[in-house]
Number of protein chains: 2
Amino acid sequence: MTALPSPRVTIKDVAARAGVSKGAVSLAFNRKPGLSEATRDRIFAAARELGWEPNLTARSLSSSRVDVVGLAICRPARMLGLEPFYMEFVSGVESVLTEHSCSLLLRLVRHVEEEVGLQESWWRGRRIGGAVLVDFRADDPRVAAAERLGMPVVAVGHPSLTGSLTSVWTDDATAVTEAVRYLAALGHRRIARVGGAAALGHTMMRTAAFDAAARSLGLAGAWQVATDYSGEAGARATRSMLTAAPPDRPTAIVYDNDIMAVAGLGVAAEMGLGVPGDVSLLAWDDSQLCRLTHPTLSAMSHDVHGFGAEAARTLFGVITGSGPGSHPVPTPVLTPRGSTAPPRS
Amino acid sequence: MTALPSPRVTIKDVAARAGVSKGAVSLAFNRKPGLSEATRDRIFAAARELGWEPNLTARSLSSSRVDVVGLAICRPARMLGLEPFYMEFVSGVESVLTEHSCSLLLRLVRHVEEEVGLQESWWRGRRIGGAVLVDFRADDPRVAAAERLGMPVVAVGHPSLTGSLTSVWTDDATAVTEAVRYLAALGHRRIARVGGAAALGHTMMRTAAFDAAARSLGLAGAWQVATDYSGEAGARATRSMLTAAPPDRPTAIVYDNDIMAVAGLGVAAEMGLGVPGDVSLLAWDDSQLCRLTHPTLSAMSHDVHGFGAEAARTLFGVITGSGPGSHPVPTPVLTPRGSTAPPRS
DNA sequence: GCGCTTTCCTCAACCGGTAAAGTCCGATTC
DNA sequence: GAATCGGACTTTACCGGTTGAGGAAAGCGC
C-alpha cells in the first residue's frame, strides 16, 4: 500500500466549508454552548462530508488532557499467554475505558525497574493521563515514583503494599483462609499450597494467611512453595509434593492460579493418583479452564473482568479528583467442583 | 493522590537553562547534526537536571508522525482470556515495537464493523501511525477501509483474504494436510475436526484443506464442525462426536486451538474413553498448555510470539515504505506427544 | 584583506486544535 | 433613547514541540 499523503483535512477545512471559524467548529465538536442549532448542524454536515474527525494529538496538546491510560505488565511472555487472568483483567479495564472513549496503552516489561522508567517516560512525554499499576511487591518503587511524578494512578493491590496510592484489591487473606477451612472441614489435615511468585505482595499475604489458617486449625504440615506461576513450575511443585510417602503426602493442594492447578491435575494422573480420591486440588481465579478438565476443578472464584473494570473506574475517579478512593472488590468465593472431596481413609 | 499540577517543564525551560534556543534543544534530542559536542552535552545535562522528556504529543503534532500502532481484537472477552494465542501474539508485536520505542494501542471490539469504525477513528484522529489487523474473514470490510484511508497496515491473514494489503500469514492448508496425513499414517480412517469460528477466513481455508486431504487419502468420514473457539464449544463438539456408535465414532480429532483440545481431553475422560487408546487428539498452536495435561497433547506447533514479531516488523516496513512486503511465516509443524497413537483395533 | 565555505546556532512560522477575550447585534430595561 | 444584556460567533493567543530559512563567527585559499 503506497501511503500517499492524502491532503489531510483539518478543522480549518471544515470551518471553511461550513462558513464559520475554527472556534465554532471546536465548540460544536466539544458540545459546548454558544452555537445555534442551525450552525451546529451545518458544521456537523460539513465534517461528515469531508470525513473529518478532530486530531486527538492536537486536541490533547492544547487542552493538556490525555485520554490514554497506561498499563505495563511484568511477567515473561511465555507465562502471560497462559495466564487467563491478564486478558480478562485487560478486557475489564477496556470495557470501562471505552465508555469514556479512552484507550489503553499496553506494554510488557521485564522488571519493575523497567516499568518505573516506562511509566515515568509515558507520563513525562504526556502520552498517558494515568496508569493502572499491577503486581505490587514489598517496598514497590512505583509507589514513590507515582507520588513524585504526581501521576494519577490506581494501584491494584492491598493498601499495605501500595502506600498512599489509591488502590483496589481483593481480600486474599480471607479467601485463603476460606480455602483452608473448607479443605479442613472436608477432613483434610495435610494441606499444601503451590503459590505464585514469592516477590509479589499478594503472594506474601496469601502465604502468611495460609500459615495462620493452618496453625489456627491445628493442621500438621502446612507445606507451601513459591513458583513463577507457570504451568511447568506448578507441575514440578506438585510432583515433589505428591512423591512424598503417604503419611507426609498432602491430601489437598491449593494453587495460586488456574494453570498450575491444571498442571497439578496432569501430574496426579501421570502418577496414577486419583483426583479427588487420593488428592484434592483447588484452583484460583476460576477461568473457564476450570470447567474444561476432568474432573472439573474446584476453585476460588472471582470476577476478574469486573475487577479490571473497577480498577479503571477508580482510576477515572482519581483523574477527575472525585470518585470512591481505595476500596476492596468482592472476595473470591469458593466454588466446589469435581476436584475436591474428603480424603480417602 | 491530589494531582497537583506541577509546573510542567518544557523545552523552553531546558533551553533557558542550557543557554540556547528551543531549536537547539530539539536538534539535540533528535540526534540531528548541527550542534557542537559541548552544546549537546550542556543541553542533555540541563534536561537531566530538570527531569525533562520531550512531550510526545507536541512532537507528533508538529512532525506529524505517530509512534503508536493500533490493534483491535474481535472476540468475546470470555474467550480471549483463555486463548493463549493472543497474549503471545501481542507480546511478539510488543517486542518489536519496543525496539522502535513505539507503543501498542489495544482495544477489544465486538464486531468487525466496530473495528472498522475504531480504526478509522484512530487513524483520522491521528492516534495511530498504522495498525495490525487480525482475524480476516471473506470480503473483509477492513481491506477496503484501509485502502480508502491510505492507512499503513499489516494484515495477518492469507493473501486471498487480505486483497492488496501487505500481509503475513501461516500456511494453514499445508499444516492441516500434514495433520491429516499424520493421523492417517498412524492408521486412522475416521478423522474429525473441531474448527474455529466459521466466519473467519483461516477457518474456511482449514476446513477446505481438511476436506481435500481426507478425500485424497480416501478417508471415509471427514467430520468437521465449526465452533466459537471456546472450551465449552470444543467440549460440546467432542461430546457429540464421541457419542456416535463405534463404527461411526472418530478415532482421531483435530482441534483448531489448544483450549478446545484440552476440553476434548476432559470429555474423553468423562466418557471413559482412553486417550490415545480410544481416540487420538491433536491440538493447534501448541501453547505451554499442551505439555501440562495428561496425556500431553500432540499439536501443530508454531512460534506465535515470532509470528507477532514478524507482523510488527512488516508493519514497520509498510510505514517506512521499505521492507519485505507480503510473506508467509513458517508453517506449523507437527509435534507428536502423548495424545496421538495408532487406533486400537 | 577579501570573498567563500562550514560550523553552530537563532528565529519565526507552522502543526491542528482549545479557550479566553472580544465583537456584533437585536432585544430588554428604565 | 441611551444603557444593558445575552446569544452567536470570531479573534487571538497559546499548547510544546519541529523545521527550514537565515545569520554570525571561524576557517581557508589566494
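Note that the structure is predicted; figures quoted are calculated from it, not measured. Sequence lines set the chain letters: A, B, ... in the order given, protein chains first and strands last, and positions in each chain run from 1.
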| So A:F307 and A:F85, would you call those rings parallel, tilted or perpendicular, with 30° and 60° as cut-offs? |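 If you compare the ring of A:F307 with that of A:F85, the planes turn out perpendicular.
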From the list [options], which nucleotide is the closest neighbour of the side chain of [X]?
X	options	value
B:S36	C:dC9, C:dG16, D:dG17	C:dC9
B:S63	D:dG17, C:dG17, D:dT18	D:dT18
A:R59	D:dG17, C:dG17, C:dC15	C:dG17
A:S21	D:dT19, C:dT18, D:dT11	D:dT11
B:S26	C:dT18, D:dT19, D:dG16	D:dT19
A:S62	D:dG17, D:dT10, D:dC15	D:dC15
A:P54	C:dG17, D:dT18, C:dT10	C:dG17
B:N55	D:dC9, D:dT18, D:dG17	D:dG17

Over all strands shown, is [X] touching base, sugar-phosphate only, or nothing at heavy-atom distances under 4.0 angstrom?
X	result
A:T39	sugar-phosphate
A:L35	sugar-phosphate
A:V20	sugar-phosphate
A:K32	sugar-phosphate

| request: Run the ring-centre check on B:F29 versus B:W52 and record whether the distance is less than 6.0 Å. | output: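 Centroid separation for B:F29 and B:W52: below 6.0 Å.
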| query | Can you check whether B:D140 reaches B:T162 side chain to side chain, under 4.5 Å on heavy atoms? | reply | no
| Is any side-chain N of the basic residue among B:E37 and B:R40 closer than 4.0 Å to the acidic one's carboxylate O? |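 Salt bridge flag = no for B:R40 with B:E37.
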| query | Would you say A:R148 has more than 12 foreign heavy atoms packed within less than 6.0 Å of its CZ? | reply |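 Atom CZ in A:R148 is crowded, with more than 12 foreign heavy atoms closer than 6.0 Å.
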| query | For C:dA19, does either OP1 or OP2 sit under 4.0 Å from a side-chain N or O belonging to A:R65? | reply | yes
Distance-only donor-acceptor hits, side chain of residues 61-73 of chain B, under 3.5 Å, sequence neighbours excluded:
residue, atom, partner, partner atom, Å
B:S62, OG, B:A58, O, 3.3
B:S62, OG, B:R59, O, 3.4
B:S63, OG, B:R59, O, 2.7
B:D67, OD1, A:R127, NH2, 2.9
B:D67, OD2, A:R127, NH2, 3.4

| message | Quick test of your reading: applying salt bridge (charged side-chain N to carboxylate O under 4.0 Å, His left out), list the pairs with at least one residue in residues 22-34 of chain B, sequence neighbours left out, ordered by first then second residue. | response |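 Of all non-adjacent pairs touching residues 22-34 of chain B, none passes salt bridge (charged side-chain N to carboxylate O under 4.0 Å, His left out).
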| Taking five pairs at each end, how big is the angle between the two axes of the helix from C:dG1-D:dC30 to C:dC30-D:dG1, to 10°? |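 End-to-end axis angle: 50°.
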| query | Hey, which of these two, B:K22 or A:I11, hits DNA chain C nearer its 5' end, going by closest nucleotide? | reply |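 With B:K22 and A:I11 compared, the 5'-side residue is B:K22.
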